[in-house]
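Scroll down for the structure; my scribbles are underneath it.
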Number of protein chains: 2
Amino acid sequence: MTEHASGPGVRAERKERTRQKLLDATLHLVTTRSLASVSLREVARDAGIVPTAFYRHFDSMDALGVELVDECMRPLRQMTRNARRGTSSRGDIIAGTVEILGRQVREHPAQFQFLTRERYGGVAAVRRAIAMELRLFTSELSVDLARLTAGADWSSEDLEMAADLMVAAMLNTVLQLLELDRRHSEDEQRLLSASERQLRLIALGMASWRSS
Amino acid sequence: MTEHASGPGVRAERKERTRQKLLDATLHLVTTRSLASVSLREVARDAGIVPTAFYRHFDSMDALGVELVDECMRPLRQMTRNARRGTSSRGDIIAGTVEILGRQVREHPAQFQFLTRERYGGVAAVRRAIAMELRLFTSELSVDLARLTAGADWSSEDLEMAADLMVAAMLNTVLQLLELDRRHSEDEQRLLSASERQLRLIALGMASWRSS
DNA sequence: TATTTCGGTGTACGCCCGTTCACTGACTAG
DNA sequence: CTAGTCAGTGAACGGGCGTACACCGAAATA
């Protein structure tokens with residue numbers, strides 16, 4: 001229970017490290033193929049352990065997949081936090097959001113690849129986990145929109161509708177960014193510019209919207 | 001070469017029938033899992049033939065997948081044709097489009113399920129085939145938008161951007177429709193109503209857009 | 001120091017897979 | 001009537017899979 005002088009939880013630390021290796025190996029494998037086609041043995045091999053040792057960390061590949069969703073959601077959560085912070089500092093929310101989106105995708109391509117690929121992939125548990133996170137994301141955005149449209153008579157249903165559209169647009173952008181080849185930053189800029197204009201188009205629509 | 005009196009291509013007809021059985025069996029299997037996790041033997045079993053006979057019809061499961069994309073695109077193509085025809089007859093394009101979209105998804109759920117699930121699934125060839133069809137769809141829509149915005153100074157790039165946003169919104173609706181449980185027509189109506197308002201929001205934005 | 005805990009090992013099992021090959025027999029064509 | 005075509009058969013192969021089991025040795029505990 002209490003930590004010893006010589007090694008404070010050396011074992012636990014090693015365990016956590018190989019656990020992370022399993023997650024990393026899976027994430028790497030999933031950038032090419034779908035999770036359903038990745039085998040337990042393959043993951044164990046890439047992580048440098050024997051297949052049976054896999055069970056010391058996860059009950060099954062499905063369970064690992066669900067944990068991986070959580071891990072991959074972290075950059076996305078950070079993204080929304082950054083976007084919110086950016087809101088208060090500068091005037092143009094949209095430009096800031098799109099810029100952050102582009103950077104996050106550039107810095108964590110594998111995570112986004114995994115999330116978008118498995119969003120409608122074969123493993124039901126993983127699909128459900130992603131759907132839950134995404135619903136949370138949309139509802140948070142609709143709260144933000146409520147703040148921005150204060151005064152206009154927006155129903156909560158319409159706010160949800162607009163937030164859903166914005167999230168769909170951004171996810172579409174993410175998918176297109178991931179399809180891009182590496183080191184074609186000009187294409188990336190063109191895509192991000194289009195994304196910004198899409199969000200601006202929606203904002204323009206919202207400005208002249210009357211909740212019926 | 002010439003057709004005989006007794007049986008005009010009985011053999012070819014039988015072949016076509018089992019070929020169709022293979023495609024149908026795959027489509028049915030793919031509603032639950034992803035294509036990458038469906039085996040050749042499984043498909044052959046469900047189609048009622050021995051595994052080796054599979055090769056009389058397709059080179060591999062990947063090849064079958066590409067053909068399946070083509071087959072599943074037929075209802076979608078018909079949908080756009082219907083939407084276009086509806087355009088000329090009545091005033092409200094959006095309501096008509098959404099209604100047709102809802103009906104098509106209701107009538108061909110497995111096809112849409114396959115297309116959306118495999119759009120970013122594991123099989124590269126299938127992914128490419130779907131992406132190509134979808135790009136065609138978007139560019140056709142941008143042509144329609146060019147006709148509708150004649151007079152306003154829309155650049156072709158912005159037209160593409162708007163069409164892309166609309167397609168993303170509609171695909172998002174399709175995904176949500178497919179997630180719905182059966183026989184909850186109230187939920188379906190709510191979803192289609194939200195989709196209609198999304199498109200209307202975009203149209204509203206376009207009305208006050210100035211291509212910069 | 002003696003004992004327990006536990007992450008990782010190695011073997012072994014039965015199963016399903018894709019693909020090969022030689023074959024059969026109904027339809028086709030001359 | 002005869003020869004040829006070809007969709008479908010059935011046995012067999014080598015290989016990867018998930019998983020059970022007994023085991024090891026270093027870290028943790030007492």
Side-chain angles (χ1 to χ4, degrees), chain A residues 1-26 29-30 32-68 122-126, chain B residues 1-26 29-30 32-68 122-126:
Chain A
M1 194 74 78
T2 60
E3 291 172 353
H4 204 262
S6 72
V10 175
R11 191 132 95 189
E13 191 193 323
R14 296 231 184 224
K15 176 166 184 177
E16 179 54 33
R17 210 177 303 160
T18 63
R19 184 193 142 95
Q20 198 57 48
K21 272 200 280 187
L22 285 168
L23 287 166
D24 289 350
T26 306
L29 285 166
V30 158
T32 316
R33 309 164 1 248
S34 70
L35 182 66
S37 69
V38 171
S39 71
L40 181 153
R41 288 180 106 105
E42 215 169 349
V43 172
R45 207 180 301 132
D46 284 22
I49 62 171
V50 99
T52 44
F54 177 94
Y55 296 105
R56 304 287 185 199
H57 304 275
F58 303 99
D59 282 346
S60 63
M61 277 299 295
D62 286 19
L64 183 147
V66 173
E67 301 265 328
L68 198 54
V123 183
V126 172
Chain B
M1 193 73 78
T2 62
E3 293 172 352
H4 204 262
S6 70
V10 174
R11 190 133 96 190
E13 189 192 325
R14 297 231 185 221
K15 175 164 185 177
E16 179 54 34
R17 211 175 303 161
T18 64
R19 184 191 142 95
Q20 199 56 47
K21 272 200 281 187
L22 285 169
L23 288 166
D24 289 350
T26 306
L29 285 167
V30 159
T32 316
R33 309 167 358 249
S34 70
L35 183 66
S37 70
V38 171
S39 72
L40 183 153
R41 287 179 106 106
E42 214 169 350
V43 171
R45 208 180 302 130
D46 282 22
I49 61 170
V50 100
T52 43
F54 177 95
Y55 296 104
R56 303 288 183 198
H57 304 275
F58 302 100
D59 282 346
S60 63
M61 277 299 294
D62 286 19
L64 182 146
V66 173
E67 300 264 328
L68 199 52
V123 183
V126 170

What is the separation between atom CZ on A:F54 and atom C1' on C:dG10, rounded to the nearest whole Å?
19 Å
Just compare D:dC23, C:dT19, C:dG18 and give me whichever is closest to any side-chain atom of B:P51.
C:dT19
B:T18, nearest nucleotide to its side chain (from D:dA7, C:dC21, C:dG7):
D:dA7
Interatomic distance where CZ belongs to B:R33 and C1' belongs to C:dC17 [whole Å]
13 Å
OP1 or OP2 of D:dC17 less than 4.0 angstrom from a side-chain nitrogen or oxygen of A:R45, does that happen here?
yes
Under 3.5 Å donor-acceptor, A:T18 side chain and A:K21 backbone:
no
Consider the side chain of A:K15, meaning its heavy atoms from C-beta on, and name the nucleotide among C:dT5, C:dG7, D:dG10 that approaches it most closely.
C:dG7
Of the listed D:dT19, D:dA28, D:dT9, the closest approach to the A:L40 side chain comes from D:dT19
What is the distance, rounded to the nearest whole Å, between atom CZ of A:F58 and atom C1' of D:dT19?
18 Å
Starting the side chain at C-beta, find the nucleotide from C:dG10, D:dA7, D:dT19 nearest to A:T52.
C:dG10
Given C:dG7, C:dC27, D:dG8, the nucleotide with the shortest approach to the side chain of A:R11:
C:dG7
Counting heavy atoms from C-beta on, name the nucleotide in C:dG8, D:dG8, C:dC17 closest to the side chain of B:R41.
C:dC17
Rounded to the nearest 0.5 Å, how far does CZ of A:R19 lie from CZ of A:R56?
15.5 Å
Name the nucleic acid region contacted by B:R19, choosing base, sugar-phosphate or nothing; use a 4.0 angstrom heavy-atom cut-off, strictly under.
nothing
Any base atoms under 4.0 Å from A:R17, or only sugar-phosphate, or nothing? Heavy atoms, all strands.
nothing
Considering heavy-atom distances to DNA chain D, does B:V50 or A:S60 have its closest nucleotide positioned more toward the 5' end?
B:V50
Would you give the length of the straight line joining atom CG of B:L68 to atom CG of B:D62, rounded to the nearest 0.5 angstrom?
12.5 Å
Nearest-Å distance for atom pair CD/P, residues A:E13 and D:dA28:
10 Å
Measuring from B:S39:OG to B:R33:CZ, what's the distance to the nearest 0.5 Å?
7.5 Å
Give the rounded distance in Å between these two atoms: CD1 of B:I49 and P of D:dT9.
7 Å
Just how far, in rounded Å, is P of C:dT20 from CZ of B:R56?
12 Å
Using whole Å, what does the distance between atom P of nucleotide D:dC17 and atom CG of A:D62 come to?
16 Å
Find the distance B:D59:CG to C:dT20:P and express it as a whole number of Å.
11 Å
Side-chain N or O of B:R14 versus OP1/OP2 of C:dG25: is the shortest distance under 4.0 Å?
no
How long is the straight-line distance from CG of B:L64 back to CG of B:L35, given to the nearest 0.5 Å?
7.5 Å
